[in-house]
Every structure is written in structure tokens, then in C-alpha cells.
Amino acid sequence: MVVVIDGPAGSGKSTVAKMLSKRLCFKYLDSGAMYRALTWKAAKVKLNFHDDEQLCKLVNETCIRIESTDDGFEIYVDDVNVTKEIRLPFVTENIHYISNNEFIRGKMVELQRRFAEGENIVAEGRDMGSVVFPDADKKIYLDADIEKRAERRYSELKAFDGKSKLFKVVEDLKQRDYQDLTREVAPLKQVDDAFYLDTTRLTREEVVTILIEEIKKISK
Ligand code: DC
């Protein structure tokens with residue numbers, strides 16, 4: 001069974017997808033982590049982010065591997081564990097160069113489908129229901145007010161680097177929303193057959209409970 005969760009940054013997708021996969025004993029796929037991993041490598045090798053040819057070459061030469069763990073997953077780039085580093089600002093700031101590239105997206109879609117092959121999986125991202133798994137058994141779209149999304153991101157970042165400022169997080173989120181929604185290839189999209197849930201006033205446990213009830217409906 002394939003369950004997909006799409007939605008904007010800070011909508012609670014990652015936390016909820018991880019909790020849901022644990023509750024259902026499904027595999028968990030954080031597709032954003034794959035785009036982050038390639039961005040990490042491009043930055044490390046000091047590649048020119050404006051050079052599309054080099055970016056395409058990079059994806060062909062890079063091995064991205066995800067290992068499922070009790071806590072979620074670990075992600076490796078050419079055998080280097082980058083699970084923590086892919087959350088750093090230098091990755092987030094440059095990721096649109098990678099996620100806007102059609103050739104790279106094609107390669108990522110292949111990897112994501114291969115990861116899910118023959119598995120029960122909860123996959124989260126921006127184009128899981130629209131492009132990667134259009135025949136998913138359950139499609140979910142999570143959303144929340146920008147203030148709430150910024151608050152959530154701010155707490156995560158504060159725990160990570162202690163230096164982030166709330167107003168900067170709001171500005172960054174607005175910019176990422178714009179980039180995600182207006183991207184020519186596979187933009188963030190709520191597909192017609194998705195179950196929409198606004199998580200602004202819900203705890204993560206409440207969200208998971210609602211989603212489990214929704215998923216139960218398909219197995220009846
Ligand atoms: O979910 P996240 O914040 O870790 O995602 C990081 C970026 O990757 C996000 O700005 C958009 C991009 N992304 C994408 O283009 N397609 C996906 N399926 C997942 C993420």
C-alpha cells in the first residue's frame with residue numbers, strides 16, 4: 001500500500017509521515033531529503049548552481065542511498081552520512097536550483113519509485129500524489145497558516161543552530177512557498193483526489209489519528 005502526503009514547508013508533513021509510518025509499520029520516504037542530499041553535494045564540490053549541465057552530470061555521478069531506521073531514516077551521499085547536514089541553511093538556500101531541474105527530478109522520481117517497489121510506504125513531499133505515485137492508495141494534502149508553519153520551523157531550527165530569527169523564518173517560508181508553487185516542473189499541487197487537512201489548530205497526535213481513520217476507510 002502507498003500513502004502519500006504532500007503540502008508546503010512547515011505543514012507538519014515530515015513529523016506526521018514519520019509517526020504514521022511507525023504506527024502502520026510502513027516504510028518512510030522523505031523525498032525532500034533526496035533533493036537536499038544532492039544540493040549538499042553540489043555545495044561541497046563548489047559546483048556553479050547556475051550551470052545546468054554540471055548539475056545534470058552531478059546527479060549521474062552521485063549515489064544517494066536511504067536506510068530505514070527505527071527513528072525514520074539515515075541518508076548517505078556516496079557513503080557519507082549527511083542526515084544532519086542536509087538541514088543546514090546552505091542547503092535550504094540553494095535547493096531550488098536542484099529541485100527546478102527537470103532532468104534531476106526525473107532521476108529522483110526513478111529513485112523514489114525504486115525505494116517504494118513492493119513495499120508498504122508513507123511517502124512525503126511536494127509531487128508525491130501528482131507525479132511520483134499518481135496511483136497511490138491514499139493521497140493526503142496537509143496545510144497550515146503561514147504563522148503556524150513558521151512557528152514550527154522556528155522551533156526546529158532553534159533546536160538545531162540556536163541562531164534563527166522568527167521574522168527571517170517567515171520570509172524564507174514565503175519565498176519557498178513561491179518557489180514550490182511556481183516551479184515549472186512538478187510544482188506543489190493539491191490533487192483532486194487528495195484528502196485535505198488544515199493542521200493549524202491540531203496537535204501532531206490529532207493529525208495522525210484523523211489520518212489513520214481516513215486510511216482505514218480504504219481497507220474496508
Ligand atoms: O520537505 P523539505 O523542506 O525538506 O524539502 C526541501 C525542498 O525540496 C523544498 O523546498 C522543495 C523540494 N522538494 C521538491 O521539489 N519535491 C519533493 N518531492 C520534495 C521536496
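In each ligand, atom 1 is the first atom listed, and ligand 1 is the first ligand listed.
- The aromatic rings of Tyr196 and Tyr141 lie parallel to each other, with less than 30° between the two planes, well short of the 60° mark.
- Looking at Arg105 and Asp127, a side-chain N of the basic residue comes within less than 4.0 Å of a carboxylate O on the acidic one, giving a salt bridge.
- Protein residues are said to neighbour a ligand when one of their heavy atoms lies under 4.0 Å from it; for ligand 1 these are Ser31, Gly32, Tyr35, Arg36, Arg87, Ile95, Ser99, Arg105, Gly125, Arg126, Asp127, Met128, Arg153, Arg176, Asp180, Arg183.
- Considering all non-hydrogen atoms of both residues, Asp6 and Lys13 come closest at C-CD, 3.6 Å.
- Remark: Glu61 CD is packed, more than 12 non-hydrogen atoms of other residues, nucleotides or ligands lying under 6.0 Å away.
- Phe73 has its ring centre less than 6.0 Å from the ring centre of Tyr28.
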Output side-chain donor-acceptor pairs under 3.5 Å for residues 113-122, partner residues at least two apart or in another chain, one line each.
residue: Arg113; atom: NE; partner: Val132; partner atom: O; Å: 2.9
residue: Arg113; atom: NH2; partner: Val131; partner atom: O; Å: 2.9
residue: Arg113; atom: NH2; partner: Val132; partner atom: O; Å: 3.3
residue: Asn120; atom: OD1; partner: Met1; partner atom: N; Å: 2.5

